[in-house]
J.: 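Just passing along the structure, written as structure tokens.
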Amino acid sequence: QLQPVESGGGQVQPGGSLRLSCAVSGRSLADYTIKWFRQAPSKEREAIACISATDDGTYYSDSVKGRFTISRDNSDVVFLQMTSLTPEDTGVYFCTADELPLCMRGRAPNHWGRGTLVTVSS
């Protein structure tokens with residue numbers, strides 16, 4: 001199975017920035033649609049960003065649009081650049097990969113990472 005691995009989580013002050021990375025050891029992500037989810041404590045899991053394998057088209061949820069940016073620096077790594085962070089952004093962030101070459105609303109991705117914790121606090 002494809003096993004995405006997230007990195008870059010940690011603690012950051014409100015208003016700060018953090019960059020998360022998603023990769024799979026020994027495998028390229030160029031042919032996969034990558035979608036980031038997050039889950040805050042006691043809240044539902046939320047899809048927040050997606051980048052399509054077809055044309056690198058992107059999608060963002062209303063909760064992060066204008067503050068977060070998803071991108072591919074190369075065929076091996078996908079990034080989620082997070083800025084203007086608030087305590088409401090605290091949660092576990094999951095990277096997912098899907099063989100479908102486009103972002104689709106409501107679709108459950110085939111491959112999930114274990115998650116990385118982001119804590120926004122003073």
Side-chain angles (χ1 to χ4, degrees):
Q1 289 189 0
L2 192 71
Q3 185 63 239
V5 177
E6 307 92 341
S7 62
Q11 184 176 346
V12 64
Q13 297 184 29
S17 300
L18 207 61
R19 188 180 74 168
L20 305 183
S21 300
C22 178
V24 175
S25 180
R27 193 185 299 236
S28 172
L29 295 178
D31 295 330
Y32 294 90
T33 292
I34 306 299
K35 186 180 293 183
W36 287 91
F37 290 76
R38 71 180 180 187
Q39 187 166 22
S42 303
K43 296 182 179 179
E44 294 183 354
R45 187 170 295 171
E46 175 191 22
I48 57 171
C50 182
I51 186 164
S52 171
T54 301
D55 58 2
D56 282 348
T58 58
Y59 157 85
Y60 301 96
S61 68
D62 290 340
S63 60
V64 307
K65 190 174 184 179
R67 299 188 298 119
F68 291 12
T69 302
I70 188 170
S71 64
R72 302 180 190 265
D73 268 12
N74 51 53
S75 62
D76 300 320
V77 182
V78 172
F79 300 104
L80 183 68
Q81 180 68 48
M82 307 184 295
T83 63
S84 301
L85 288 165
T86 75
E88 294 181 354
D89 295 314
T90 294
V92 178
Y93 285 69
F94 300 89
C95 177
T96 72
D98 202 311
E99 288 83 357
L100 265 182
L102 73 164
C103 297
M104 296 184 65
R105 294 184 60 186
R107 176 175 172 84
N110 289 333
H111 312 286
W112 288 73
R114 62 187 297 180
T116 185
L117 178 63
V118 172
T119 302
V120 185
S121 63
S122 299

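In this text, all values refer to a predicted model and were calculated from it rather than measured experimentally. Values below: all heavy atoms of this structure, side chains included; hydrogens, waters and symmetry mates excluded.
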J.: Can you run down the side-chain hydrogen bond (donor to acceptor under 3.5 Å, both in side chains) pairs that involve residues 95-110, sequence neighbours left out, and say none if there aren't any?
T.: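 Listed by first then second residue: Asp98-Arg107, Glu99-Asn110, Glu99-His111.
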
J.: Between Thr58 (side chain) and Ile51 (backbone), is there a donor-acceptor pair under 3.5 Å?
T.: no

J.: For residues Ser52 and Pro101, report the shortest heavy-atom separation together with the two atoms involved.
T.: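 Closest approach of Ser52 to Pro101, heavy atoms only: OG-O, 2.8 Å.
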
J.: Would Ser7 and Thr116 count as a side-chain contact (heavy atoms from CB on, under 4.5 Å) if you check the C-alpha gap in whole Å, the side-chain angles of each, and the deciding distance to 0.1 Å?
T.: CA-CA 6 Å; Ser7 62; Thr116 185; over 6 Å; no

J.: Under a single-linkage rule joining Ile, Leu, Val, Met, Phe, Trp and Tyr whose side-chain heavy atoms are separated by less than 4.5 Å, which residues share a cluster with Phe94?
T.: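 Reading the cluster by chain and number, Phe94 sits alongside Phe37, Val92, Trp112, Leu117.
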
J.: Look at the side-chain heavy atoms of Ile, Leu, Val, Met, Phe, Trp and Tyr, link any pair under 4.5 Å apart, and say whether Leu85 and Ile48 land in one connected group.
T.: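 Linked within one cluster.
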
J.: Yes or no on side-chain contact (heavy atoms from CB on, under 4.5 Å) for Val118 and Arg38, after CA distance, side-chain angles and deciding distance?
T.: CA-CA 9 Å; Val118 172; Arg38 71 180 180 187; over 6 Å; no

J.: With Arg27, which residues qualify under side chain to side chain donor-acceptor pair (under 3.5 Å), at least two apart?
T.: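 Testing Arg27 for side chain to side chain donor-acceptor pair (under 3.5 Å), a comparison that skips the adjacent residues, returns none.
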
J.: Measure the CD-CZ distance between Gln81 and Arg19 for me, rounded to the nearest 0.5 Å.
T.: 6.5 Å

J.: Specify the closest pair of heavy atoms between Thr90 and Ala40, including all atoms of both residues, with the distance to one decimal.
T.: O-CB, 3.5 Å

J.: Would you indicate whether the side-chain heavy atoms of Pro14 and Val120 approach each other to under 4.5 Å?
T.: yes

J.: Work out which heavy atom in Val24 is nearest to a heavy atom in Pro4; give both atom names and the distance.
T.: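 For Val24 and Pro4, the tightest heavy-atom pair comes out as CG2-CA, 3.7 Å.
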
J.: With clusters defined by side-chain heavy atoms of hydrophobic residues (ILVMFWY) lying less than 4.5 Å apart, directly or transitively, does Val64 cluster with Tyr93?
T.: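 Cluster IDs for Tyr93 and Val64 match.
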
J.: Please determine whether the number of non-hydrogen atoms from other residues, nucleotides or ligands lying under 6.0 Å from atom CG of Asp62 exceeds 12.
T.: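 Check fails, neighbour count at 12 or below.
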
J.: Working to the nearest 0.5 angstrom, can you tell me the gap between Cys95 SG and Arg114 CZ?
T.: 14.0 Å

J.: Kindly write out the residues that satisfy side chain to side chain donor-acceptor pair (under 3.5 Å) with Arg45, not counting sequence neighbours, or none if the list is empty.
T.: Gln39

J.: Among pairs that include at least one residue of residues 8-17, which meet side-chain hydrogen bond (donor to acceptor under 3.5 Å, both in side chains), considering only residues two or more places apart or in two chains?
T.: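 Qualifying pairs, neighbours excluded: Gln11-Ser121.
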
J.: How far does CG of Asp76 sit from SG of Cys22, to the nearest 0.5 angstrom?
T.: 11.5 Å

J.: Would a hydrophobic clustering, with Ile, Leu, Val, Met, Phe, Trp and Tyr connected at side-chain separations under 4.5 Å, put Ile34 with Tyr59?
T.: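 Ile34 does not cluster with Tyr59.
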
J.: Show me the donor-acceptor pairs, under 3.5 Å and distance only, between side chains in residues 65-72 and residues at least two apart or in other chains.
T.:
from: Arg67; atom 1: NH1; to: Ser84; atom 2: O; distance (Å): 3.1
from: Arg67; atom 1: NH1; to: Asp89; atom 2: OD2; distance (Å): 2.8
from: Arg67; atom 1: NH2; to: Ser63; atom 2: O; distance (Å): 2.8
from: Arg67; atom 1: NH2; to: Asp89; atom 2: OD1; distance (Å): 3.0
from: Arg72; atom 1: NE; to: Asp56; atom 2: OD1; distance (Å): 3.0
from: Arg72; atom 1: NH1; to: Leu29; atom 2: O; distance (Å): 2.8
from: Arg72; atom 1: NH2; to: Tyr32; atom 2: O; distance (Å): 2.5

J.: Is it the case that the side chain of Lys35 and the backbone of Met104 share a donor-acceptor pair, with hydrogens and angles ignored and the cut-off at 3.5 Å?
T.: yes

J.: Determine whether Trp36 and Glu6 make a side-chain contact, defined as any pair of heavy atoms from C-beta on separated by less than 4.5 Å.
T.: yes

